[in-house]
Amino acid sequence: MYSFDYARAKNAKDAAKLLAKKEAKVVAGGMTLLPTMKQRLAKPSLLVDLAASKDLKGIKKAAKALTIGAMTTHAEVAHSSVVKGACAALAALAEGIGDPQVRNRGTIGGSIANNDPAADYPAACLALGATIVTTQRKIPADKFFKGMFETALKRNELVTAIQFPMAEKAAYIKFPNPASRYAIVGVFVAKFKDEVRVAVTGAGPGVFRVPAWEEALAKKWSADAIAAGAVKAADMNSDIHATAEYRAHLCAVMAKRAVAAAK
Amino acid sequence: MASVTITVNGQKRTADVEPRTLLVQLLRENHGLTGTHVGCDTSQCGACVIHVNGKSVKACTMLAVQADGASVTTIEGLADGATLHPMQEAFRDNHGLQCGFCTPGMVMSAVDLVQHNADPSEQEIRDWLEGNICRCTGYHNIVKSVKAGAAAMRKTKTKKK
Ligand SMILES: Cc1cc2nc3c(=O)[nH]c(=O)nc-3n(C[C@H](O)[C@H](O)[C@H](O)COP(=O)(O)OP(=O)(O)OC[C@H]3O[C@@H](n4cnc5c(N)ncnc54)[C@H](O)[C@@H]3O)c2cc1C
Ligand code: FES
Ligand code: FES
């Protein structure tokens with residue numbers, strides 16, 4: 001690791017101020033950032049720790065949306081009775097991330113800010129039509145995720161919370177990488193009163209929706225509404241874990257299982 | 001340099017370290033607590049699992065400065081003098097280790113599991129140990145050990161009451 005300075009932010013505002021320093025970076029759970037720094041792929045001059053910023057923590061349910069603070073850990077989401085009651089699929093997704101120690105440190109804010117193409121939370125945000133609340137504005141999930149490791153966030157803009165609208169039914173099913181548990185393919189389906197949204201992670205260079213399946217499922221909410229051809233191998237990733245053809249196949253299989261499992 | 005004060009196994013300790021010092025380095029190199037191992041240094045193997053404020057974490061993927069003010073328990077803090085912790089005893093009784101390299105992390109992880117699931121099933125134990133890798137045992141005896149350790153921990157709990 002290259003050397004750096006370290007500061008603890010008291011709250012989100014304080015963190016944004018500290019970020020003004022050139023090459024400063026925030027650390028949330030550190031589960032992605034610290035390994036990246038060890039490999040010398042990141043070289044922050046100042047590390048701004050968000051752990052003491054209480055305003056970034058917590059889970060709240062209102063009539064229309066479930067709000068989760070950016071610094072809420074995967075374990076907290078997985079075990080929260082509020083999340084389980086409002087969106088069981090989201091709690092189950094959090095429980096399926098990595099391993100218990102990663103879940104004890106890793107945060108929802110860090111996960112979506114990082115936007116790893118194989119991460120789980122981006123699929124939930126996109127399928128549930130979440131709103132990403134930042135220190136500067138509110139960004140709809142449809143505009144937030146910009147492809148591999150890229151988001152709409154500006155350099156000194158922080159995610160403060162994520163607001164999830166309540167779905168009638170939802171489920172997330174992933175085909176995990178057996179070593180890391182990252183998604184080789186993960187599909188989140190969400191059924192609302194007036195629309196269905198389907199988001200896929202792990203399969204392509206970034207999380208994406210599948211309009212053909214959304215329309216078919218809106219007409220008929222059933223696993224056989226998922227037609228295999230809608231996701232093309234040409235748009236898929238290919239690596240040692242799975243070929244593009246296999247990933248395209250898995251998308252349809254995971255989507256069918258998700259529809260069947262949705263509650 | 002940064003001054004880092006942590007309560008390790010009940011004892012308050014301060015050290016001056018560079019911000020890039022990992023928590024596992026602080027424990028091993030500054031505080032001489034070499035029971036916490038480094039297997040992979042890439043957050044995969046779990047040999048470095050300790051408890052920070054009561055929760056299991058990988059000490060190779062946390063900075064010492066992030067732990068400033070925290071309460072830390074390492075494998076050295078489990079035994080009560082010469083009396084092993086019931087989970088340690090269970091690993092010994094059930095041949096839950098061979099070379100022993102993964103064992104400190106396995107035991108710390110297992111104790112965290114039992115803290116919120118007093119009677120875990122075999123499947124729950126296997127799921128929980130997702131982040132702990134062992135290259136010797138093939139896991140069967142580790143799972144057996146955790147099951148026995150959990151039962152022993154339930155017993156000592158009722159005794160204390
Ligand atoms: C062994 C292992 C297995 C894993 N398996 C999975 C898995 O199965 N599925 C999965 O989805 N993920 C997985 N992860 C990743 C894990 O979920 C991370 O916790 C997550 O990607 C990053 O969250 P973090 O809080 O650790 O962020 P950090 O590592 O602290 O930060 C990540 C990036 O986001 C930025 N950032 C953090 N918080 C904010 C914020 N509030 N606003 C703006 N920017 C911010 C940081 O500057 C940094 O660039 C795994 C990680 C490990 C080590
Ligand atoms: S040394 Fe920390 S996980 Fe392997
Ligand atoms: S006993 Fe040797 S690595 Fe587990």
Side-chain angles (χ1 to χ4, degrees), chain A residues 1-9 24-53 71 73-76 78-81 92 95-107 110 176-182, chain B residues 1-4 17-25 36 38 40-70 105-106 108-117 120 124-133 146:
Chain A
M1 239 187 261
Y2 294 109
S3 63
F4 53 84
D5 293 325
Y6 171 86
R8 267 187 201 181
K25 226 173 180 354
V26 290
V27 62
M31 290 296 109
T32 296
L33 184 56
L34 294 179
T36 316
M37 286 166 63
K38 282 185 185 179
Q39 291 175 293
R40 299 195 163 183
L41 294 172
K43 191 190 171 190
S45 62
L46 170 71
L47 212 53
V48 180
D49 192 347
L50 300 179
S53 307
M71 283 300 288
T73 63
H74 307 329
E76 283 160 353
H79 300 148
S80 158
S81 52
E95 183 69 22
I97 295 176
D99 58 53
Q101 289 72 40
V102 169
R103 296 196 288 274
N104 275 341
R105 299 283 305 159
T107 66
N177 176 313
S180 73
R181 301 279 137 181
Y182 270 107
Chain B
M1 295 296 253
S3 167
V4 173
V17 295
E18 274 194 79
R20 63 176 161 175
T21 307
L22 300 172
L23 180 53
V24 71
Q25 280 176 293
T36 304
V38 180
C40 65
D41 197 23
T42 57
S43 344
Q44 309 289 328
C45 76
C48 64
V49 170
I50 58 164
H51 297 181
V52 174
N53 295 331
K55 286 183 187 151
S56 59
V57 306
K58 290 175 175 169
C60 76
T61 315
M62 191 168 165
L63 299 168
V65 283
Q66 288 178 291
D68 187 28
M106 288 287 177
M108 295 311 286
S109 192
V111 170
D112 188 20
L113 166 65
V114 178
Q115 278 171 5
H116 54 263
N117 184 354
E124 284 170 333
I125 294 169
R126 288 184 186 275
D127 287 347
W128 183 268
L129 295 179
E130 170 65 35
N132 292 85
I133 294 174
V146 177

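Here is how names work: the chains are called A, B, and so on, in the same order as the sequence lines, proteins then strands, and each is numbered from 1. The analysis underlying the following values was restricted to heavy atoms, covering all of them including side chains, and did not include hydrogens, waters or symmetry mates.
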Legend entry - Stepwise side chain to side chain contact (heavy atoms under 4.5 Å, CB included) check, B:Leu63 with A:Val27: CA-CA 11 Å; B:Leu63 299 168; A:Val27 62; 5.7 Å; no
Going from [atom1] on [X] to [atom2] on [Y], what distance comes out if it is rounded to the nearest 0.5 angstrom?
{"X": "A:Asp99", "Y": "B:Lys58", "atom1": "CG", "atom2": "NZ", "result": "3.5 Å"}
{"X": "B:Glu130", "Y": "A:Arg103", "atom1": "CD", "atom2": "CZ", "result": "8.0 Å"}
{"X": "B:Arg20", "Y": "A:Asp5", "atom1": "CZ", "atom2": "CG", "result": "11.5 Å"}

Inset, instruction - Considering only heavy atoms and a distance below 4.5 Å, find which of B:Thr21, B:Val52, B:Asp41, B:Asn132 pairs most often with chain A. - result: B:Asp41
Inset, instruction - With a 4.5 Å cut-off on heavy-atom pairs, point out which of B:Val57, B:Leu22, B:Asp112 contacts chain A the most. - result: B:Val57
Legend entry - Shortest non-hydrogen contact from A:Tyr6 toward B:Pro19: CB-CB, 3.9 Å
Inset, instruction - Identify the two heavy atoms, one from B:Ser56 and one from A:Gln101, that lie closest to each other, and give their separation to 0.1 Å. - result: OG-NE2, 2.9 Å
Legend entry - Close side-chain approach of B:Asp68 and A:Arg8, heavy atoms under 4.5 Å: yes
Legend entry - Test item: A:Pro35 and B:Thr61 side chains (from C-beta on) under 4.5 Å apart, heavy atoms: yes
Inset, instruction - Go through the atoms of B:Val49 and report whether side chain, backbone, both or neither lie under 4.5 Å from a heavy atom of chain A. - result: side chain
Inset, instruction - Sort by residue number and list every member of residues 36-53 of chain A having a non-hydrogen atom under 4.5 Å from chain B. - result: A:Lys38, A:Leu47, A:Asp49
Legend entry - Worked check of side chain to side chain contact (heavy atoms under 4.5 Å, CB included) between B:Gln66 and A:Arg105: CA-CA 11 Å; B:Gln66 288 178 291; A:Arg105 299 283 305 159; 3.4 Å; yes
